[in-house]
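Read the structure below first, then the notes.
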Amino acid sequence: MPVTLAQMLAVPALGLRVVAADAEALARPWQWVHSSDLSDPTPFLSPGDALLTTGTQWPDDAAIAPWVERLAAAGVPAVGFGTEVVRAGTPAELERACTAHGVALFEVPYRTPFIAVARAVADAEERERYARVRWSLETQRAIAVAALKADGLAATLDELARRIDAPVALLGPDGEVALTGRSPAPALTPAVLVAARRLLAEGRRAATTVDGTALQTVGRSDALRGILAVGDAAAHDDAVRAVVTSVVAMAGLALERDRTLARAIDHLRTGLLAALLRGERELVASTSRALWGPLPEEPLAVAVLDVLAAQRAGVLELLETRVERGRGGLFHARDGGRIVIAVPEARADLVAEIVERTRVTGGLVRGTDYASLAGAVDDAGRAADRASAAHPLVDFASVRDDGVLASLSGDDTRRIAAAVLAPLDEHDARTGDQLVRTLAEWLGADAVAEAAAARLGVHRHTLRARVARAEGLLGRDLKAFPARAELWAALVAAGRA
């Protein structure tokens with residue numbers, strides 16, 4: 001905690017006397033104290049530096065007010081005037097100027113050298129630093145003892161909240177409050193929750209402060225386990241931040257102990273999904289009922305999510321949290337690199353929420369049942385192939401309505417389509433002929449030259465010449481329907497039609 005004028009007044013040996021200072025000015029922090037009789041010392045001062053002077057720089061009292069104005073603009077919290085050096089007592093003009101600009105004014109008696117004031121400030125800062133280091137060590141020791149209790153994580157948060165006298169909460173992987181340290185919990189405003197969920201979705205170690213609440217991720221960057229939220233962030237000094245950092249590490253270790261169990265559960269769920277797809281519903285239902293509650297009720301909404309390897313642990317953790325909070329409302333399992341989710345159709349919004357929070361992509365099938373689960377998973381997977389950052393969750397109903405060509409969306413198909421169109425793309429890049437666009441418009445107009453030419457704004461002879469040029473580049477006779485159909489499929493698969 002920085003030194004204040006009130007603290008310096010309490011040092012009897014200095015004999016300082018207040019001339020002009022209200023309660024706010026007395027408590028205003030000093031970063032340091034300097035002495036100067038320059039007419040403009042502000043280039044050598046930092047905000048929060050108090051200043052001691054004897055006034056030899058003022059040719060007359062008219063120079064005092066501008067001098068104080070410059071100090072106030074530079075963030076000087078207080079001025080100490082050395083009496084009996086040049087003047088007897090403190091000039092009335094200096095008192096008026098300091099009062100007008102909200103700068104504290106105090107007298108330094110002749111018997112007190114300015115260096116003694118500076119030494120007193122340094123001593124006070126050293127005592128404060130020592131006290132904060134001792135507090136930090138004692139607090140970390142108390143928190144370590146709390147961590148050894150049966151409910152170690154909850155006890156750790158309680159001890160942290162008590163020691164720093166601020167509200168503390170641990171948010172789970174879903175961004176919801178999982179544990180709090182004493183009451184009340186931090187003021188988790190909508191902005192705080194949005195920021196916490198963004199940190200979790202980004203999947204990296206990070207910290208930020210929002211609406212006075214400090215947020216810090218817990219766990220490894222590839223497997224974030226939650227967010228530690230600590231209120232009254234503006235009051236945190238280095239000692240508090242060091243303690244909070246140690247609690248983040250302890251919380252990460254406590255949560256990491258559950259990873260072995262989580263991996264075992266992940267393998268179990270994968271096996272249960274395989275059993276469900278084979279039609280062994282009763283076996284899966286009895287296992288689920290004993291561990292997580294009943295299976296979701298039919299009719300179902302089934303989703304398949306594409307999840308990056310770095311995100312997988314975090315997404316699975318989020319899903320486990322949702323299972324614990326709504327027993328029977330969700331079943332999920334990993335299927336290779338993808339994650340399958342089943343919820344009651346009435347709660348399909350839960351899938352959209354999970355996709356939004358985790359920033360993954362996926363496909364969704366509505367209105368299915370356990371007997372048709374295998375087909376629903378396949379269909380949801382096909383819809384997931386169509387998903388993108390702009391459209392992260394694709395409903396299979398829209399894919400089905402697009403017809404057979406909608407299935408031309410896999411990576412292999414896109415690579416083949418790119419290879420088919422490559423000669424045209426190379427020609428267009430070299431000449432600007434726009435053969436690919438011309439063919440897309442021409443085939444989209446049922447190969448009617450006049451209609452396609454009108455759409456492109458060219459003459460029909462120009463369009464026919466471009467089609468002929470494309471035939472030569474592709475080595476195909478586009479008068480034949482099979483060749484046209486294959487080219488149209490390539491254009492669709494490449495997203496060019």
Is there side-chain contact between Val247 and Val230, with heavy atoms separated by less than 4.5 Å?
no
Spell out, as yes or no, whether a donor-acceptor pair under 3.5 Å connects the side chain of Asp369 to the backbone of Glu298.
no
Main-chain N/O of Leu373 paired to Thr368 side chain as donor or acceptor, under 3.5 Å:
no
Side chain to side chain, Pro91 and Phe81, heavy atoms closer than 4.5 Å
yes
Arg127 and Gln7, any side-chain heavy atoms less than 4.5 Å apart
no
List the atom of Gly362, the atom of Ala387, and the distance in Å for their closest heavy-atom pair.
O-CB, 3.6 Å
Tell me the closest heavy-atom pair linking Arg111 and Ala13, and the distance in Å.
NH1-O, 3.3 Å
Look at the rings of Phe331 and Trp292 and say which category their plane angle falls in: under 30° parallel, 30 to 60° tilted, over 60° perpendicular.
perpendicular
Just checking, is any N or O donor in the side chain of Thr213 or Asp211 under 3.5 Å from an acceptor N or O on the other one?
no
Candidate pair Thr90 and Glu107, rule side-chain hydrogen bond (donor to acceptor under 3.5 Å, both in side chains), full reasoning:
CA-CA 7 Å; Thr90 301; Glu107 284 185 350; 2.7 Å; yes
Under 3.5 Å: donor-acceptor pair, side chain of Thr270, backbone of Arg334
yes
Where the side chain of Thr53 meets the backbone of Ser36, is there a donor-acceptor pair that is under 3.5 Å apart?
yes
Could you grab the distance from atom NE2 of His332 to atom CG of Leu318, nearest 0.5 Å is fine?
9.0 Å
Checking Ser39 side chain against Gln57 main chain: does a donor-acceptor pair fall under 3.5 Å?
no
Looking at every heavy atom in both Ala333 and Arg269, which two are closest together, and how far apart are they?
CB-O, 3.3 Å
Below 30° counts as parallel, above 60° as perpendicular, anything between as tilted: where do the rings of Trp67 and Trp58 land?
perpendicular
If only side-chain N and O atoms count, and only distance matters, is there a donor-acceptor pair under 3.5 Å linking Ser136 with Gln140?
yes
From Thr42 atom OG1 to Asp49 atom CG, the distance as rounded to the nearest 0.5 Å
11.5 Å
How many angstroms lie between atom CD of Glu297 and atom CD of Glu345, to the nearest 0.5 angstrom?
13.0 Å
For the side chain of Ser288 and the backbone of Gly293, is there at least one donor-acceptor N/O pair under 3.5 Å apart?
yes
Just do the side chain to side chain contact (heavy atoms under 4.5 Å, CB included) check on Ile339 and Val360 with the steps written out, would you?
CA-CA 11 Å; Ile339 295 176; Val360 300; over 6 Å; no
Which heavy atom in Asp232 sits nearest to a heavy atom in Asp165, and how many Å separate them?
OD2-O, 4.0 Å
Any Val243 side-chain heavy atom under 4.5 Å of Leu160 side chain:
yes
Closest non-hydrogen atoms of Val3 and Val121, given as atom of the first, atom of the second and distance, are CG2-O, 3.8 Å
Please report the closest heavy-atom contact between Ala62 and Pro66, naming both atoms and the distance.
O-CD, 3.3 Å
Within a 6.0 Å radius of atom CD on Glu356, are there more than 12 heavy atoms belonging to other residues, nucleotides or ligands?
no
